[in-house]
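Some notes on the structure that comes next.
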Amino acid sequence: MFFPTLFSLFVVSPCRSDDDESSVDIYDGLDNSLIVSDDLVTKCTPTRICLNLFDEILIEEGTAKEATYTDLQAEHEKCQQQLQELVKKFKEIQAQNSTLQNENQSLKKNISALIKTARVEINRKDEEINNLQQRNDDREILLECQKKGPSEKAFVSIAARLNKSPSQVSERFKQLVKLFKKSSCK
Ligand SMILES: *[C@@H]1O[C@H](CO)[C@@H](O)[C@H](O)[C@H]1NC(C)=O
Ligand SMILES: *[C@@H]1O[C@H](CO)[C@@H](O)[C@H](O)[C@H]1NC(C)=O
Ligand SMILES: *[C@@H]1O[C@H](CO)[C@@H](O)[C@H](O)[C@H]1NC(C)=O
């Protein structure tokens with residue numbers, strides 16, 4: 001768009017106005033060279049100068065365009081390389097993400113399995129402790145009743161030691177006697 005305007009501005013309208021014999025030389029010289037000889041310049045002609053100017057501008061613009069194109073191409077290549085690197089990194093991160101998620105799921109499963117096992121184990125131990133405690137209490141009750149006879153006084157004293165009520169101790173003593181009778185009858 002720029003060049004036709006320039007061309008018409010310099011060449012067509014104002015420069016052609018001194019339309020004499022020199023105009024012939026001018027158009028002959030066009031094909032031959034871009035160099036403005038002193039001869040030609042003095043002889044004529046704004047037209048000659050204008051044409052040379054125009055050529056120079058064209059060449060300059062062309063060079064500039066070429067440079068810009070090369071720059072842009074280099075830039076484009078750089079951008080594409082960066083993009084490729086980013087895509088690669090993104091894929092790596094995605095892979096890492098899914099690895100971590102799998103690990104996460106696996107750890108969650110393992111932890112809940114561990115917790116379940118631990119709960120079962122704790123319950124088992126609690127039961128074991130209760131049984132041991134019971135056996136210990138039973139032993140105390142039996143020993144004391146053997147020593148002093150199964151009196152109310154003995155139950156009160158045992159209850160104080162075992163941190164229970166006398167009626168609990170008395171009840172347990174009855175149960176133990178029953179169990180003992182059962183097992184000895186067999
Ligand atoms: C990682 O995974 C989560 C859950 O699926 C998702 O929201 C996130 O966008 C992922 N990130 C990448 C970089 O893939
Ligand atoms: C793993 O799980 C935890 C708890 O649900 C969550 O906060 C975290 O973002 C998860 N991590 C990944 C990488 O999925
Ligand atoms: C979860 O437990 C399984 C089986 O014991 C094991 O193979 C796996 O490596 C564990 N997962 C993690 C993330 O530790």
Side-chain angles (χ1 to χ4, degrees), residues 1-7 9 53-150 152 154-186:
M1 290 291 137
F2 181 60
F3 296 108
T5 321
L6 253 189
F7 193 85
L9 203 76
L53 240 174
F54 176 67
D55 282 343
E56 266 170 44
I57 288 170
L58 261 185
I59 289 164
E60 257 172 47
E61 286 283 328
T63 314
K65 265 188 181 168
E66 239 169 69
T68 311
Y69 178 72
T70 313
D71 283 354
L72 280 176
Q73 220 173 9
E75 199 76 12
H76 179 68
E77 248 164 57
K78 225 165 72 182
C79 280
Q80 225 151 15
Q81 245 170 17
Q82 274 177 337
L83 184 66
Q84 268 174 0
E85 270 168 41
L86 285 176
V87 167
K88 202 177 133 208
K89 266 189 199 145
F90 181 68
K91 279 182 182 163
E92 279 170 9
I93 286 171
Q94 265 184 329
Q96 233 173 20
N97 199 16
S98 79
T99 305
L100 283 175
Q101 268 173 341
N102 289 342
E103 204 170 292
N104 216 5
Q105 284 306 113
S106 175
L107 282 173
K108 271 186 216 168
K109 265 189 214 157
N110 287 9
I111 284 175
S112 55
L114 276 177
I115 288 173
K116 230 188 226 170
T117 309
R119 281 217 183 98
V120 169
E121 191 66 10
I122 285 171
N123 287 342
R124 210 174 59 76
K125 290 283 178 197
D126 275 350
E127 212 177 298
E128 220 172 278
I129 288 170
N130 283 340
N131 285 341
L132 283 173
Q133 189 73 47
Q134 184 73 69
R135 269 168 75 171
N136 194 54
D137 290 357
D138 289 350
R139 197 171 149 273
E140 289 277 331
I141 292 168
L142 290 174
L143 277 176
E144 198 65 15
C145 289
Q146 203 178 31
K147 257 196 264 173
K148 301 180 181 171
E152 192 55 37
F155 294 151
V156 169
S157 138
I158 296 163
R161 246 192 290 159
L162 300 182
N163 206 17
K164 293 186 174 196
S165 71
S167 63
Q168 276 177 320
V169 172
S170 142
E171 196 56 39
R172 185 61 186 162
F173 178 71
K174 280 179 202 161
Q175 278 176 353
L176 287 171
V177 170
K178 259 190 220 166
L179 283 172
F180 180 73
K181 277 182 182 162
K182 237 193 218 169
S183 64
S184 55
C185 283
K186 275 175 190 172

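Heavy atoms only: backbone and side chains are in, while hydrogens, waters and symmetry mates are out. Atoms within each ligand, like the ligands themselves, are counted from 1 in listed order.
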Compute the shortest N/O to N/O distance between E103 and ligand 3 and return yes if it is under 3.5 Å, no if not. no
R124: which residues meet the salt bridge (Lys or Arg N to Asp or Glu O under 4.0 Å) condition with it, sequence neighbours left out? E121, E128
If you look only at pairs with a residue in residues 155-178, which of them pass as a ring-ring contact (aromatic ring centres under 6.0 Å, His included), with sequence neighbours excluded? F155-F173
Evaluation steps, side chain to side chain contact (heavy atoms under 4.5 Å, CB included), between R172 and D137: CA-CA 9 Å; R172 185 61 186 162; D137 290 357; over 6 Å; no
Could you give the side-chain donor-acceptor pairs of residues 82-100 under 3.5 Å, partners two or more places apart or in another chain?
from	atom 1	to	atom 2	distance (Å)
S98	OG	A95	O	3.2
T99	OG1	A95	O	2.8

N102, CG atom: more than 12 neighbouring heavy atoms under 6.0 Å: yes
May I ask you to check whether D138 and Q134 show a side-chain donor-acceptor distance below 3.5 Å? yes
Quick check on contacts: which atoms of ligand 3 are under 4.0 angstrom from a heavy atom of L107? 12 (C), 13 (C), 14 (O)
On a heavy-atom basis, the closest approach of A159 and P166 is CB-N, 3.5 Å
Any K108 heavy atom less than 4.0 Å to ligand 2: yes
For ligand 1, protein residues within the heavy-atom limit of under 4.0 Å are F90, I93, Q94, N97, Q101
